[in-house]
Amino acid sequence: MSNNEEKFKKIISHAKEYGFVFQSSEIYDGLSAVYDYGQNGVEMKNNIKEYWWKSMVQYHENIVGVDSAIFMHPTIWKASGHVDAFSDPMIDNKDSKKRYRADVLVEDFIAKIEGKIQKEITKARKRFGESFDENQFKTTNPRVLANVNKIEDIKNRLYPAMDSDNLEDIKLLIEELGIACPISGSKNWTDVRQFNLMFSTQMGSLSEDANQIFLRPETAQGIFVNYLNIQKSGRMKIPFGIAQIGKAFRNEIVARQFIFRMKEFEQMEMQFFVRPGEELKWFEYWKNERIKWHLSLGIPEEKYRFHDHEKLAHYANAASDIEFDFPMGFKELEGIHSRTDFDLAAHQKFSGKKIQYFDPELNQSYVPFVVETSIGLDRTFLALFSHSYNEEVLEDGSMRVVMKLPPIIAPYKVAVLPLVKKDNLPEKAREIMDSLKYNYMCQYDEKDAIGRRYRRQDAIGTPYCITIDHQTLEDNTVTIRERDSMKQERIAIGKISGIIAERIND
RNA sequence: GCGGAAAUAGCUCAUUUGGUAGAGCGACAGCCUUCCAAGCUGUAGGUGGCGGGUUCGAGACCCGUUUUCCGCUCCA
């Protein structure tokens, strides 16, 4: 087992042991690829959300937020392309145990026939030399014609079957064509099954007239369908953005790797609406802004890299990922996509509502182009959590596990600790605790030796420990101990709040 | 979804070939008071993942199932 795998396992068990992340429904043996955030995890997650929201919405005058419902009109997913792109007919070969997309299997078969046609053409060109007329050959040669017709026949079966979800006919087609598994070479296929990557449920309490609706697979559509509402009610001028934090759901075929890939996950997205033709300029702008955001959390630059997409999704004309060096290697953390006018134009078409912006500078109306920044909240959590996990050997040879979380992200900012549990120190500590707790998440702990208590706070990433000792009772000073350096200094009680505020916002 | 491995206390793990479960750490209560884990005393916590089978008897053997890990597969 590699060091990284070892470390990843330690991080996962640390997350559980210290109340950050639990497996869903654990007492019922768990639910695969679903996780719950515990008492420390939820604080940390909320802090990440707040940090993102402020940087996007509060610090940008031209970005506003929205909180759209998870349930949306089913036609939205037709317009967005998800109904088609997210549901694939799959078929398994029983001998090789390999799974294929049934339509791809048929299309590969078509490609094979096309290969045969090309061979005929190449042969004929050699034979006829200069005088070869490819078009004439294609329309007259009986072997080519037969193959062309065959392709036509297959397409005329496949596409209607695909459109009507006629899975039986796709299976029949595969059998009739005698398509064999490239691995096993056998034609021993299972039935064609629909793998829908979107979760669905019914809306309407009576099942007979219930409508199937989907749990959103991305939050972006909730922004697009509110574009008109927000642009008009907020008197927004292009360029402007709409931000949203929310849950999304994907029925992934396999979903392992802890909270990196979950069936229920949370996204922090911002859709930025721009003038057509300027989208790539803004694409670059947001790539730069977003990487700056990541670096502002204090994680070294070499942990991040950009990955530009070669193969673009159906809606994009440029796409780049910010990847993070997770314990399992560099993986996507955030995507910045130039989504063109695909989504708004699609909604304009499907809804029949005019989704346009009148640009007074150009004196014309247009469907805005969109640049999207979409970051996985759970992935950000994992990035910060895994990077912060440190096992240190101290000078005296002892070990400590310390979560070097950015202070602003840490679940607790301060721990208040009476040095001993007597001599009125707990009472004094409570007093200090009460004065701090309205401003910061604070934890009070009087159990066990002071060193052990420091270690407990290190394990959950609390950046500062305030210790009340006998001197406190005499001169109203305490010691403040910093998590990473373990250094202490003595400060006046009245200055605690200000010093913490200053350092946390660093 | 397929193949392989695993599942015993909160955690890490024991329990020699089948004879009704133990330790360390942790937690809690108390003692001790000492600014960086491992001082003392005591307490709690397990129908051995779950279901079935073989057996006089199963944590151990067999089957199923769930979850996790590894590999493959898939991934807008």
Side-chain angles (χ1 to χ4, degrees), chain A residues 1-2 5-6 8-10 12-14 16-19 22-34 77 80-88 90-101 104 183 190 193 195 197-198 217-218 220-221 248 250-258 260-261 309 311-316 319 328 331-332 335 337 339 342 374 392-402 417-423 425 446-459 465-471 478-483 485-490:
Chain A
M1 194 187 293
S2 77
E5 281 172 29
E6 198 85 49
F8 196 22
K9 280 187 176 164
K10 280 185 178 171
I12 292 168
S13 55
H14 190 83
K16 184 190 171 191
E17 194 169 350
Y18 287 92
F22 306 122
Q23 193 187 10
S24 165
S25 318
E26 202 187 298
I27 62 167
Y28 289 100
D29 293 330
L31 189 62
S32 179
V34 185
W77 305 113
S80 70
H82 285 89
V83 170
D84 294 328
F86 266 42
S87 57
D88 299 326
M90 306 295 279
I91 191 166
D92 293 8
N93 184 272
K94 288 178 187 167
D95 298 309
S96 66
K97 309 285 187 196
K98 295 290 169 188
R99 167 168 300 162
Y100 301 91
R101 265 179 60 177
V104 170
I183 308 284
T190 63
R193 286 172 293 179
F195 279 75
L197 262 45
M198 284 196 288
E218 63 171 26
Q221 299 305 325
R250 282 182 204 180
N251 208 355
E252 305 272 3
I253 291 171
V254 167
R256 280 178 280 194
Q257 292 178 313
F258 195 42
F260 182 80
R261 179 171 288 168
H309 287 215
K311 198 180 136 208
L312 296 168
H314 59 278
Y315 51 74
M328 61 283 190
K331 299 271 185 184
E332 178 185 353
H337 293 187
R339 293 181 76 130
F342 176 88
S374 173
E392 286 185 348
V393 180
L394 303 179
E395 281 176 18
D396 62 356
S398 65
M399 275 267 290
R400 76 161 180 159
V401 173
V402 53
L417 317 169
L419 185 60
V420 293
K421 202 168 47 169
K422 62 172 192 180
D423 302 337
L425 297 187
E446 61 180 21
K447 171 79 180 158
D448 297 322
I450 190 71
R452 179 181 287 288
R453 282 179 275 164
Y454 287 147
R455 298 299 167 89
R456 275 204 283 263
Q457 296 303 325
D458 290 341
C465 291
I466 300 293
T467 304
I468 290 81
D469 56 17
H470 292 93
Q471 192 184 327
V478 295
T479 61
I480 180 166
R481 178 247 194 203
E482 202 271 329
R483 179 193 63 201
S485 64
M486 300 195 290
K487 293 246 166 64
Q488 286 176 271
E489 55 183 304
R490 187 161 277 279

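Residue numbers begin at 1 in each chain, while the letters A, B, ... track the order of the sequences. Basis for what follows: all heavy atoms, side chains included, without hydrogens, waters or symmetry-related copies.
- In terms of heavy atoms, A:S80 sits closest to A:F342 at O-CE2, 3.5 Å.
- The minimum heavy-atom distance linking A:W77 with A:E218 is given by the pair CH2-O, 3.7 Å.
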Please list each protein N or O that sits under 3.5 Å from an N or O in nucleotides 6-12 of chain B, with the distance.
residue : atom : partner : partner atom : Å
B:C11   : OP1  : A:K16   : NZ           : 2.8

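- Closest to the A:R481 side chain, of the nucleotides B:C35, B:A27, B:C36, is B:C36.
- Annotation: B:U33 and B:G49 have their C1' atoms spaced 45 Å apart (nearest Å).
- A:K421 NZ to A:K447 NZ: the interatomic distance, rounded to the nearest 0.5 Å, is 6.0 Å.
- Distance NZ (A:K422) to C1' (B:C32): 8 Å, rounded to an integer number of Å.
- Between B:U17 and B:A7, the two P atoms lie 15 Å apart (nearest whole Å).
- Going from atom OG1 of A:T479 over to atom CD1 of A:I466 covers 7.0 Å, rounded to the nearest 0.5 Å.
- Between A:E446 atom CD and B:A29 atom C1' the separation is 13 Å, expressed in whole Å.
- Nucleotides B:U16 and B:A60, compared at atom C1', are 12 Å apart to the nearest Å.
- Using a 4.0 Å heavy-atom criterion, one finds that A:R400 contacts no nucleic acid atom at all.
- With rounding to whole Å, A:D448 atom CG is found 12 Å from B:G30 atom P.
- B:G45 and B:C28 have their C1' atoms separated by 11 Å, with the value rounded to a whole Å.
- RNA chain B is contacted by both A:E218 and A:T467; A:T467 maps to the nucleotide lying nearer its 5′ end (nearest heavy atom per residue).
- Side-chain proximity of A:Y454 to the nucleotides B:C74, B:A29, B:C36 is greatest for B:C36.
- Across every non-hydrogen atom of A:R453 and A:L417, the tightest pair is NH1-CB, 3.8 Å.
- When rounded to the nearest whole Å, the span between CD of A:Q488 and C1' of B:C36 equals 8 Å.
- A gap of 6 Å separates the C1' atoms of B:A58 and B:G18, to the nearest Å.
- Considering only heavy atoms from C-beta on, A:K16 comes within 4.5 Å of A:E26 through its side chain.
- Closest to the A:K447 side chain, of the nucleotides B:U68, B:C75, B:G30, is B:G30.
- Although no hydrogens or angles enter the test, the distance criterion places a donor-acceptor pair under 3.5 Å between the side chain of A:E482 and the main chain of A:S485.
- Across B:C11 and B:C69, the matching P atoms stand 15 Å from one another, rounded to whole Å.
- At the phosphate of B:U66, neither OP1 nor OP2 sits under 4.0 Å from any side-chain N or O atom of A:S32.
- We find that CG of A:D423 is positioned 11 Å from P of B:C32, with the value rounded to whole Å.
- Spacing between atom CZ of A:R261 and atom P of B:C69 amounts to 13 Å, rounded to whole angstrom units.
- Closest non-hydrogen pair, A:H309 versus A:H337, comes out as CE1-NE2, 4.4 Å.
- Spacing between atom NZ of A:K9 and atom C1' of B:A5 amounts to 10 Å, rounded to whole angstrom units.
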N/O to N/O distances under 3.5 Å, protein versus nucleotides 37-43 of chain B:
residue : atom : partner : partner atom : Å
B:A37   : OP2  : A:R455  : NH2          : 3.1
B:A37   : O2'  : A:R452  : NH1          : 3.3
B:A37   : O2'  : A:R452  : NH2          : 2.9

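- As judged by a 4.0 angstrom heavy-atom cut-off over every strand, A:L419 is placed among the base-contacting residues.
- Closest approach of A:L425 and A:D469 over heavy atoms only: CD2-O, 3.4 Å.
- A distance of 10.0 Å separates OH of A:Y18 from CG of A:D458, quoted to the nearest 0.5 Å.
- B:G51 and B:U12 have their P atoms separated by 23 Å, with the value rounded to a whole Å.
- Ion pair A:R400/A:E392 flagged as a salt bridge, since at least one NZ, NE, NH1 or NH2 atom sits closer than 4.0 Å to an Asp/Glu carboxylate oxygen.
- The 5' end of RNA chain B is approached more closely, in terms of each residue's nearest nucleotide, by A:R456 than by the other of A:R456 and A:K487.
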*Just the dot-bracket of RNA chain B, please: which string comes out with Watson-Crick or G-U pairs under 3.5 Å, [ ] for crossing, | for another strand?*
(((((((..((((.....[..)))).(((((.......))))).....(((((..]....))))))))))))....

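- Contact of the A:D448 side chain with the A:R456 side chain is registered, since non-hydrogen atoms from C-beta on lie closer than 4.5 Å.
- Atom CD1 of A:I12 and atom C1' of B:C70 are 13 Å apart (whole Å).
- With contacts defined as side-chain heavy-atom distances shorter than 4.5 Å, the pair A:M486/A:L394 qualifies.
- When the C1' atom is used for both B:C56 and B:U20, the distance is 13 Å, rounded to whole Å.
- Counting any heavy atom pair closer than 4.0 Å across all strands shown, A:D458 reaches no nucleic acid atom.
- For A:Q23 and B:U67, the shortest distance from a side-chain N or O to OP1 or OP2 is not below 4.0 Å.
- Residues A:R483 and A:V402 meet the side-chain proximity criterion, which asks for heavy atoms closer than 4.5 Å.
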